[in-house]
Amino acid sequence: MTSGLYPGLLLLLLRILPSDETCPSVCLCVADTVSCSSTGLSKLPVPLPSFSSTLDISHNYLSWLGPGSFKRMPRLENLRMSHNQLSSLGVGVFHNASSLRHLDLSSNKLQVVEQHYFQGLWRLEELLLYNNKIAQVEAGTLIGLSSLKKVYFSLNQITDFPFFSIQDHSHPFLTMLDLSSNRMSRLPWEDVKALPRLVQRGLYLHNNSLICDCSMYSVFWHWDLRGYDTLKDFTDEHTCSVFGDQRASIRFLRHSRFFHNCSVEKAHSQPVTVLLSNVLVSEGGRVRLDCQTSLSSSTELSFTWLSPSKGYITEDSINDTLISLFPNGTLEILAAKVNDSGLYVCTAMDIKQALNATREVNVTVLLPPPESFNTGYTTLLGCVVTMIFILIYLYLTPCRCSCCKQPKPPVIPVATYDPSPLTSVFCPSARDQAKVQADKRVAFMEPMLSGEGTEWTLES
Ligand SMILES: *[C@@H]1O[C@H](CO)[C@@H](O)[C@H](O)[C@H]1NC(C)=O
Ligand SMILES: *[C@@H]1O[C@H](CO)[C@@H](O)[C@H](O)[C@H]1NC(C)=O
Ligand SMILES: *[C@@H]1O[C@H](CO)[C@@H](O)[C@H](O)[C@H]1NC(C)=O
Ligand SMILES: *[C@@H]1O[C@H](CO)[C@@H](O)[C@H](O)[C@H]1NC(C)=O
Ligand SMILES: *[C@@H]1O[C@H](CO)[C@@H](O)[C@H](O)[C@H]1NC(C)=O
Ligand SMILES: *[C@@H]1O[C@H](CO)[C@@H](O)[C@H](O)[C@H]1NC(C)=O
Ligand SMILES: *[C@@H]1O[C@H](CO)[C@@H](O)[C@H](O)[C@H]1NC(C)=O
Ligand SMILES: *[C@@H]1O[C@H](CO)[C@@H](O)[C@H](O)[C@H]1NC(C)=O
């Protein structure tokens, strides 16, 4: 039995190992990385080592990739194919390469991104397609790429893009969609406004051929209001052409005069105002956080709070007597704990009009100063001591005695020279005394304060 098994196993090993695990002669294989960059390849080298997780075939002359090109590479995570001549990809190119996380197809000659290109790449996080000749992105292209974080389409010739295919549930991690330097003139702004907030924040649209109009301006106006970096970083590259005339292009983030007739507030269906505030409260204190948002309180709103320690709080979810949520959205914490500190986010929802608005409150719960009794006691003691000193001052200071016409020379200059409010209050006659004794004083002071001495002399 055993003797029959061995040759079979050996045969299998011989068949798999040498063919799959050797490094193609033109490439460099280091640990799990295979680099065939700048080697003049016009075809994929076969076989490619199945163990590699990074494959670099950039700067070559590949013009086409056939079905299942990477099917024997189940561990492939990074595939770099920038700077080739790829103009299209065969059906199922990435079949069985579902470990891919990073795919670089930039600086090629792709013209259409077909629906099937990236099928099955549900782990893909970064997709680089910039600097191709892409004019069209088919509607289903990004469907199923649910791990996507960043997609780069800039420097192409895209005229329209399937924004509607990107949704909160389909692409929960997408934070960058670069569509800058393309040829989009009119966007489906309703679809753009419906993009998940994270995608809107990371949507690059500068250097396109946008046509100036109110619906466009209103979207950018709101993004600007929210302070998105995508706009701040490329303020001057955000241009649009007046009446579609490419020669008359304006930097619309800088010059908004053209849009004076636009009603940006009304054009936008979702109020996005986020009001920020800070609240300080001592531990055990009662705190009320109101949820005043841009939504009018005259309509029927429902409120949800997201709290750092208790998660979502709605009117129905409260079973804690220390917290209440009023119908007007105000959240009350009866006895704040240090653990209650953090960012509270209230969402006001107008269900009829499908509008949301949020308000953020940063609550800081301060511990009362430690050993508060002692502090109070010390303060009290301090007061008493101060009082005693004041009394001593009042009744025992030389000022008092000076009133009894027994002036002591050293005291008088001090009172006059530094007439602090306290001394003048306590010794109202000191000044007069000083004037009376002026000649004596000058003689006394001169050796010490030569600069002032002249003044004194002039005065007297
Ligand atoms: C793809 O992978 C599956 C399972 O991992 C395997 O059964 C199938 O044969 C592979 N297909 C190809 C074309 O290698
Ligand atoms: C703007 O896009 C054009 C191509 O559409 C490109 O040649 C140019 O370099 C881009 N400019 C900037 C500043 O990105
Ligand atoms: C704005 O409206 C005024 C009057 O309604 C009109 O004269 C003007 O041309 C409009 N401006 C633009 C840029 O459309
Ligand atoms: C509130 O109710 C949830 C379940 O509905 C329970 O898990 C939680 O412990 C309750 N909290 C308090 C403070 O009673
Ligand atoms: C909401 O209602 C509570 C209780 O009636 C009240 O104390 C609070 O001031 C109200 N908040 C606002 C913003 O009107
Ligand atoms: C704060 O929370 C931690 C764990 O959640 C708990 O161990 C601690 O006792 C809490 N502190 C206060 C002051 O409630
Ligand atoms: C408003 O917020 C709720 C809860 O967070 C969410 O389910 C809903 O889709 C949001 N509606 C809009 C129009 O954003
Ligand atoms: C909230 O306020 C505290 C103290 O002022 C600060 O340290 C913290 O960074 C703030 N948090 C946020 C999210 O603004």
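Each ligand, and each atom within it, is numbered from 1 in the order the structure gives.
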Salt-bridge test for D168 and R197: reply yes if a basic N is under 4.0 Å from a carboxylate O, no otherwise. no
In terms of heavy-atom contacts, L343 and E360 come closest through CD2-OE1, 4.1 Å
Polar-atom distance check: N328 versus ligand 5, any N or O pair below 3.5 Å? yes
Number the atoms of ligand 5 from 1 as they appear, then name those within less than 4.0 Å of a heavy atom of D290, with their elements. 13 (C)
Below 30° counts as parallel, above 60° as perpendicular, anything between as tilted: where do the rings of Y204 and F234 land? perpendicular
Looking only at protein heavy atoms, which one is nearest to atom 2 (O) of ligand 2, and what is the separation? N207 ND2, 2.3 Å
Give the residue, atom name and distance (to 0.1 Å) of the protein heavy atom nearest atom 7 (O) of ligand 5. R288 NH1, 2.3 Å
I need the nearest protein heavy-atom contact for atom 5 (O) of ligand 2: residue, atom name and distance, please. S181 O, 4.0 Å
Could you check whether atom 10 (C) of ligand 2 has a protein contact, counting only heavy atoms that fall below 4.0 angstrom? yes
Taking the six-membered ring for Trp and the single ring otherwise, decide whether the centroids of F258 and F252 are under 6.0 Å apart. no
Can you check side chain to side chain donor-acceptor pair (under 3.5 Å) on N207 and S181, steps first, answer last? CA-CA 5 Å; N207 195 22; S181 301; 2.8 Å; yes
